[in-house]
Amino acid sequence: MTKSAELPPLSNTLVDPFGRKVDYLRLSVTDRCNLRCTYCMAEDMTFLPRQQILSLEELRDVASAFVELGVRKIRLTGGEPLIRRDIIKLVSAISALPFLDEVTMTTNGMLLPKMAQPLKDAGMNRLNISVDSLRPDRFKALTRLGDLDVWHKGIRAAKTANFTKLKLNAVILSGFNDDEVLDLARYAIDNQMDITFIEEMPLGEISSHKRVNTQITSQALRDQLETEFELTDSVETTGGPSRYVRVAGSDSKIGFISPMSNNFCDSCNRVRMTAEGRLLLCLGNEQSMDLRAVMRSHPGDSALLRSKIVQALQDKPERHEFDPNRTDIVRFMNMTGG
Ligand code: SAM
Ligand code: SF4
């Protein structure tokens with residue numbers, strides 16, 4: 001039985017003007033990263049000054065306010081969440097919140113060799129680990145700073161720590177790694193993991209490639225996968241935007257996140273907090289509310305914080321419109337919180 005089974009009747013509070021209930025928060029704990037993936041960041045990035053980033057206490061207070069308003073799942077992200085000092089303390093604090101069903105994390109895996117076990121001990125049960133190539137040279141080229149050996153060590157540490165579920169995330173770019181879709185899926189299946197393939201979104205101005213040239217649809221990836229695997233549509237969900245298929249003869253699921261080719265906004269159940277405390281109501285729009293200003297002008301006023309969140313939700317846009325020819329959203333994904 002999940003913790004939310006005993007919930008008081010607060011859980012309908014976060015409903016947007018389109019009748020969508022928000023029960024999922026993606027909380028960015030830093031905009032910094034130990035990698036510079038080409039599709040995510042420019043090579044030369046300027047990061048936020050530390051005093052602009054939410055403190056650990058502020059992050060906990062935001063998480064608590066959302067949980068009191070009915071949020072049942074929180075994903076910690078960034079930037080790279082594991083480089084945030086005291087991240088383990090934050091995971092412990094958030095996982096102890098009453099009524100929260102799940103705290104998860106998206107990580108590039110580089111720090112998992114030493115942090116997988118402490119994360120598990122702090123109350124995290126599932127992890128999403130990003131990987132866009134299983135070839136050392138290509139991994140290095142795509143991440144600019146990454147080392148595939150370290151990534152593999154991280155995976156071994158996560159397996160040893162016995163997470164309930166490990167899921168891989170791969171952004172596929174035509175001409176860069178679209179020839180590795182089958183290898184990535186095989187790796188996930190052979191290692192009893194799920195894998196989600198993500199379409200590249202035009203978030204932030206990058207110089208490494210023109211995004212319009214690297215687009216490839218989830219359907220094209222599925223066609224590739226079906227040359228080797230028998231796939232059946234599944235109605236399973238992990239509360240996020242992935243559409244899943246089951247792979248015959250295996251326990252693994254393959255997911256597709258298709259923000260470019262198959263808008264999933266109708267069922268959107270989530271909002272994001274940037275590391276500087278801006279509540280972003282949609283990944284592909286700029287409507288937001290500065291919750292850091294609320295918390296710093298009225299420290300400890302949790303009722304005000306909750307009422308501001310409810311108010312902000314009234315501005316949640318109906319949908320995103322991405323055009324790979326244009327960078328309408330200048331905010332990079334490390335700012336947005338993936
Ligand atoms: N650093 C962590 C990581 O890489 O897993 C967490 C943050 S990262 C921004 C979260 C996810 O967003 C990663 O899976 C990454 O591949 C994905 N991502 C980054 N930029 C993207 C873009 N422009 N389009 C689609 N996905 C992107
Ligand atoms: Fe860092 Fe994740 Fe962005 Fe890569 S995708 S640069 S690991 S935040």
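Every number for a ligand or one of its atoms is a count from 1 in the order of the listing.
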Checklist entry - Mind checking whether Met201 has an N or O less than 3.5 Å away from an N or O of ligand 1? => result yes
Next on the checklist: I'd like to know if the side chain of Asp290 and the backbone of Ala293 have a donor-acceptor N/O pair within less than 3.5 Å.
Outcome noted: yes
Item to check | Closest to atom 25 (C) of ligand 1 among Met260, Glu199, Arg32 (heavy-atom distance) | outcome: Glu199
Item to check | Exercise: do Tyr244 and Arg246 side chains pair donor with acceptor under 3.5 Å | outcome: no
Next on the checklist: Applying a heavy-atom cut-off of 4.0 Å, say which part of Thr106 lies close to ligand 1: side chain, backbone, both or neither.
Outcome noted: both
Next on the checklist: I'd like to know if the side chain of Ser261 pairs up with that of Glu199 as donor and acceptor (distance under 3.5 Å, no hydrogens or angles considered).
Outcome noted: yes
Item to check | Ligand-side contact atoms (ligand 1) for residue partner Cys40, heavy atom cut-off under 4.0 Å | outcome: 19 (C), 20 (N)
Item to check | Identified side chain to side chain contact (heavy atoms under 4.5 Å, CB included) counterpart of Asp31 within the set Thr46, Ile53, Thr274 | outcome: Ile53
Checklist entry - What's the shortest distance from atom 3 (Fe) of ligand 2 to any protein heavy atom, and which residue and atom give it? => result Cys40 SG, 2.4 Å
Item to check | For Gly78, atoms of ligand 1 separated by under 4.0 Å from a heavy atom | outcome: 7 (C), 9 (C)
Item to check | Arg36 backbone acceptor or donor facing Arg144 side chain under 3.5 Å | outcome: yes
Checklist entry - Can you tell me if an N/O/S atom from Cys33 lies under 2.8 Å from atom 1 (Fe) of ligand 2? => result yes
Item to check | Heteroatom distance test (Glu80, ligand 1): nitrogen or oxygen, under 3.5 angstrom | outcome: yes
Next on the checklist: Could you measure the distance from the CG atom of Asp223 to the CG atom of Leu231? Nearest 0.5 Å is fine.
Outcome noted: 10.0 Å
Item to check | For ligand 1, the portion of Thr107 having any non-hydrogen atom under 4.0 Å away | outcome: backbone
Item to check | Whether over 12 other heavy atoms sit under 6.0 Å from Asp190 CG | outcome: yes
Checklist entry - If you measure from each heavy atom of Gly79 to ligand 2, is any distance below 4.0 Å? => result yes
Item to check | Subset of ligand 1 atoms that lie under 4.0 Å from at least one heavy atom of Ser130 | outcome: 3 (C), 4 (O), 5 (O), 13 (C), 14 (O)
Next on the checklist: Between Gln311 and Ser307, is there a side-chain donor-acceptor contact under 3.5 Å, judged purely by atom types and distance?
Outcome noted: no
Checklist entry - Should you measure from each heavy atom of Asn108, which atoms of ligand 1 turn up under 4.0 Å away? => result 2 (C), 3 (C), 5 (O)
Checklist entry - Is there a nitrogen or oxygen of Tyr39 sitting under 3.5 Å from a nitrogen or oxygen of ligand 1? => result yes
Next on the checklist: Whether the Asn108 and Glu80 side chains hold a donor-acceptor pair (N or O, under 3.5 Å, no angle test) is what I'd like checked.
Outcome noted: yes
Checklist entry - Does Asn177 use its side chain to pair, donor to acceptor, with the backbone of Val171 at less than 3.5 Å? => result yes
Next on the checklist: I need the atoms of ligand 1 closer than 4.0 Å to a non-hydrogen atom of Arg211, numbered in the order shown.
Outcome noted: 23 (N)
Item to check | Proximal ligand 1 atoms for Gly79, defined as those under 4.0 Å from one of its heavy atoms | outcome: 1 (N), 2 (C), 6 (C), 7 (C)
Next on the checklist: Heavy-atom pairs closer than 4.0 Å: do any link ligand 1 to the side chain of Met105, the backbone, both, or neither?
Outcome noted: neither
Checklist entry - What is the closest protein heavy atom to atom 4 (Fe) of ligand 2, and at what distance does it sit? => result Cys37 SG, 2.3 Å
Item to check | Donor on one side chain, acceptor on other, Ser258 and Ser218, under 3.5 Å | outcome: yes
Checklist entry - Which of the atoms of ligand 1 are close to Thr77, meaning less than 4.0 Å from one of its heavy atoms? => result 6 (C), 7 (C)
Item to check | Atoms in ligand 1 flagged as close to Glu200, the criterion being non-hydrogen separation under 4.0 Å | outcome: 24 (N), 25 (C)
Item to check | Distance-only donor-acceptor check, side chains Lys167 and Thr196, under 3.5 Å | outcome: yes
